[in-house]
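Throughout, a chain's letter reflects where its sequence line sits, starting with A, and its residues are numbered from 1. All heavy atoms count here, side chains included; hydrogens, waters and symmetry mates do not.
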Amino acid sequence: MSETMMLDGRAVPYGKTIRDLVKGRDVVAAKIGGTAVDLSTELTGTETVETIKGDSKEGLNIIRHSCAHIMAEAVKALFPDARPTIGPSTEDGFYYDFDRDTPFSVEDLAKIESKMAELVKADQPFIRKVLLKKDAIDFFKENGEPYKVEILNDITDPEVSTYEQGSFVDLCRGPHVPSTGYVKAFKLLSVAGAYWRGDEKNKMLQRIYGTAFASKDALKDYLNFIEEAKKRDHRRLGRELELFMISDDIGPGMVVFMPKGGILRSILEEFEKRLHLKNGYDIVYGPSLLRGKLWEISGHMDNYKENMYFSEVDSQLYGIKPMNCLSHIQIYKSKVRSYRDLPLRYFELGSVIRHEKSGVLHGLLRVRQFTQDDAHIFCRPDQIVEEVTSVINLVDKVMAIFGFEYEVEVSTRPDKSIGSDEDWKLATEALIESLDKKGLPYDINEGDGAFYGPKIDIKIKDAIGRKWQCATIQCDFALPQKFDIHYIGADGGKHRPVMLHRVVFGSMERFIGVLIEHYAGAFPVWIAPVQAVVMNITDSQADYAGEVVAKLRDADIRVEFDDRNEKIGFKIREARLAQVPFMLVIGDKEKSENIVMIRDRSGQQNPSTVDEFIKMVKNANPLA
RNA sequence: GCCAGCGUAGCUCAGUGGUAGAGCAGCUGAUUCGUAAUCAGCAGGUCAAGGGUUCAACCCCCUUCGCUGGCUCCA
């Protein structure tokens, strides 16, 4: 056996800790055979060792997790009545949940932060200890930490590890940075309530959010990013650009599209109609109010009642639709279907109303009344994979048009659900097969499916990285059975079709909300509510400018005429603030040469004829 | 729904136990001026709503509504 082993590709001797072998404090932990370990690990084997730097994704997680421990130490020192529960790292920071009767205040954050700074300065080592589970239980019981005891009771391993720094000991798998001084840049961000173990039946704990970075500059960059993101918040831009409003007088979660938002939505809806017709869908419309009986058959009365609105008409119970499927099923049932008819694809821009809990409402992204670009595909079991694949292709095409990157998740059977185990298995496998065929990576969300079937969720990100589910494809074996729909097969027998529920935008509201943030209000020309503002320099060009406006309007260009008695600089400023893609400036020169000066959002200017400009705008439509 | 914070003019925000201010926007007038703000004047508020404490409440207390950040839930 040789006397050395490999560390980041260089030969190093045995018998030393990793920390002995790396210089400085850029390296925060290491990986041996793919498992992250502390730098205090002594090298004894022949494995290959790779270091983890603080500015890598893995390294950041370790720094943040260690920072969470430091925060817990600070909290326990300042508030001895706070009982620590769990404190993981997250995608862009960390949190720690405490059980405490008095919630933390914003002022408390500052105190905790300065205590943490002290602890960091003290550069206390993180000390890992491995002990028997029963000894750990005794220790945390004695220490008055019932939550740690509860976690330990769920652990099956006989041995567990703890990490100790200063006066604080936490049950933890690790790894951690070698000492508190490794945490060079951190900030506490907010306090919030959170249920113990994420279950609303449990006690609400006090959560403190924070973040940490490998350097002060990186932290500063992140805080700047948050500030910049706030500027593109769709609620702010929605008001500034006069796209939509949510009025107190009307009610929470109810969106009013104002003229600018109205035209934007209308353009997107026309786009969707054409897209679906091109892809073999039929356009249908269903009513908002459907008999209560129908919702009983569908299972909504048992599974979704608390989210629905009801109305009694002529002593008959009616439910306002929270989804569009039932009308589409009635269309399917309107005549005998042959296997040759399938697949049938019914598309509806369907407005639904759901009683969402008040605390979840969020601008356009979470509302109570919304319009889905919904479709239901009725197909034979042997057509599922092909149909799902074609929906995925459609989604992919649309996301590319708008420049969205997306993440895919497959959600499996939840506790509260209907249908047989075999159906769920078949449907879930079909969804996964389609994704595999397309070569799309995906995560599995166990138990996150709809109550009637498994689903593929496609999530796109808003300005500050929050992910929103927009497109989704849901496989449903339950409703065809409940409504007893069938088709006549080649064998002359009755067979049960499969139903796919799917949306591409998700809802007009949410998609527009994400679009606003994605483009920061500067919409591409084909969807911009106003595509051009014509502006004259003085009154002497008003007549010619008016002719240009008329010509553009006649060519279906969305144009506004700024003929106010204002300076050209002021007109341009206003058009820029309104994020109008093109400004058509008309002075004496343009008038005499029968042209316009086109200024785009970047400030570039080019002279053009009106006809050329019209052609350019028309060509910007992706379905043109 | 739960935890915390917040609610002053159309918007962004000051303000104090003694009956409200600024900037921008708006309106009026002047200005006709070639690429991100012309000047002047005017007007604008049951201080979210309801109740209470007080000689007196926008301010203190309670309730309701709404918003914000989270949690749970979701297109």
Considering only atom [atom1], compute the distance from [N] to [M] and round it to an integer number of Å.
N: B/rU63; M: B/rU72; atom1: C1'; result: 26 Å
N: B/rU19; M: B/rG23; atom1: P; result: 23 Å
N: B/rA22; M: B/rA14; atom1: C1'; result: 7 Å
N: B/rU16; M: B/rC59; atom1: C1'; result: 7 Å
N: B/rC65; M: B/rU53; atom1: C1'; result: 23 Å
N: B/rG1; M: B/rA9; atom1: C1'; result: 34 Å
N: B/rC39; M: B/rU31; atom1: P; result: 16 Å
N: B/rC60; M: B/rC2; atom1: C1'; result: 27 Å

Assign [X] to base, sugar-phosphate, or nothing according to its heavy-atom contacts below 4.0 angstrom with the strands shown.
X: A/Gly569; result: sugar-phosphate
X: A/Lys455; result: sugar-phosphate
X: A/Val106; result: nothing
X: A/Met583; result: nothing
X: A/Tyr209; result: sugar-phosphate
X: A/Arg239; result: sugar-phosphate
X: A/Ala194; result: sugar-phosphate
X: A/Gly587; result: base
X: A/Lys589; result: base
X: A/Leu577; result: base
X: A/Glu356; result: base
X: A/Glu509; result: nothing

- Answer yes or no: are there more than 12 heavy-atom neighbours, outside A/Lys203 itself, under 6.0 Å from its atom NZ? yes

Item checked: Over 12 foreign heavy atoms within 6.0 Å of CD, A/Gln604 -> no

For A/Leu552 and A/Val559, the nearest pair of non-hydrogen atoms, with its separation, is CD1-CG2, 3.8 Å

For A/Glu348 and A/His328, the nearest pair of non-hydrogen atoms, with its separation, is OE1-NE2, 2.7 Å

Rounded to the nearest angstrom, tell me the gap between atom [atom1] in [X] and atom [atom2] in [N].
X: A/Leu365; N: B/rG70; atom1: CG; atom2: P; result: 12 Å
X: A/Asp539; N: B/rC33; atom1: CG; atom2: P; result: 10 Å
X: A/Glu242; N: B/rG26; atom1: CD; atom2: C1'; result: 13 Å
X: A/Leu361; N: B/rU72; atom1: CG; atom2: C1'; result: 14 Å
X: A/Phe570; N: B/rA25; atom1: CZ; atom2: P; result: 6 Å
X: A/Asn536; N: B/rG34; atom1: CG; atom2: P; result: 12 Å
X: A/Asp199; N: B/rG1; atom1: CG; atom2: C1'; result: 13 Å
X: A/Ile537; N: B/rU38; atom1: CD1; atom2: P; result: 15 Å

Those stems involving RNA chain B that have three or more consecutive Watson-Crick or G-U pairs, both distances under 3.5 Å, are B:1-7 with B:65-71, B:10-13 with B:21-24, B:26-30 with B:38-42, B:48-52 with B:60-64

**Asked** Between A/Asp588 and A/Gln541, does any side-chain donor sit less than 3.5 Å from a side-chain acceptor?
**Response** yes

Partners passing ring pair (Phe, Tyr, Trp, His ring centres under 6.0 Å) against [X] (at least two apart in sequence or in another chain):
X: A/Phe370; value: none
X: A/Trp424; value: none
X: A/Tyr209; value: A/Tyr95
X: A/Phe505; value: A/Phe402, A/Phe511

Does this structure show an ion pair linking [X] with [Y], if we count only N-O contacts that are shorter than 4.0 Å?
X: A/Glu387; Y: A/Arg502; result: no
X: A/Lys231; Y: A/Asp233; result: no
X: A/Glu269; Y: A/Lys273; result: no

Look at [X] and [N] and indicate whether a side-chain polar atom (N or O) is within less than 4.0 Å of OP1 or OP2.
X: A/Gln469; N: B/rA75; answer: yes
X: A/His362; N: B/rG69; answer: yes
X: A/Thr472; N: B/rA75; answer: no
X: A/Arg599; N: B/rA36; answer: yes
X: A/Lys357; N: B/rC71; answer: no
X: A/Arg235; N: B/rU68; answer: yes

So, with a heavy-atom separation below 4.0 Å from RNA chain B, the residues of residues 499-507 of chain A are A/Gly506, A/Ser507

Look at the side chain of [X] against the base of [N] and say whether a donor-acceptor pair falls under 3.5 Å; ignore hydrogens and angles.
X: A/Glu566; N: B/rU32; answer: no
X: A/Arg510; N: B/rC74; answer: yes
X: A/Tyr195; N: B/rG70; answer: no

In terms of side-chain heavy atoms of [X], which of [options] is nearest?
X: A/Val360; options: B/rU35, B/rU32, B/rC71; result: B/rC71
X: A/Arg354; options: B/rA4, B/rA75, B/rC33; result: B/rA75
X: A/Gln206; options: B/rU72, B/rA75, B/rC3; result: B/rC3

Is A/Phe370 stacked on the base of B/rA75 when the test is centres under 5.5 angstrom and planes under 30 degrees?
yes

The answer to which of A/Met204 and A/Glu590 contacts RNA chain B further toward the 5' end, by nearest nucleotide, is A/Met204

Contacts of A/Arg576 and A/Asp248 projected onto RNA chain B by closest heavy atom; the upstream (5') one is A/Arg576

- Item | Min side-chain heavy-atom separation A/Arg354-A/Met308 under 4.5 Å | no

Exercise. Would A/Lys591 and A/Ile537 satisfy side chain to side chain contact (heavy atoms under 4.5 Å, CB included), going step by step from the backbone distance to the final call?
Worked result: CA-CA 11 Å; A/Lys591 183 181 176 180; A/Ile537 290 174; over 6 Å; no

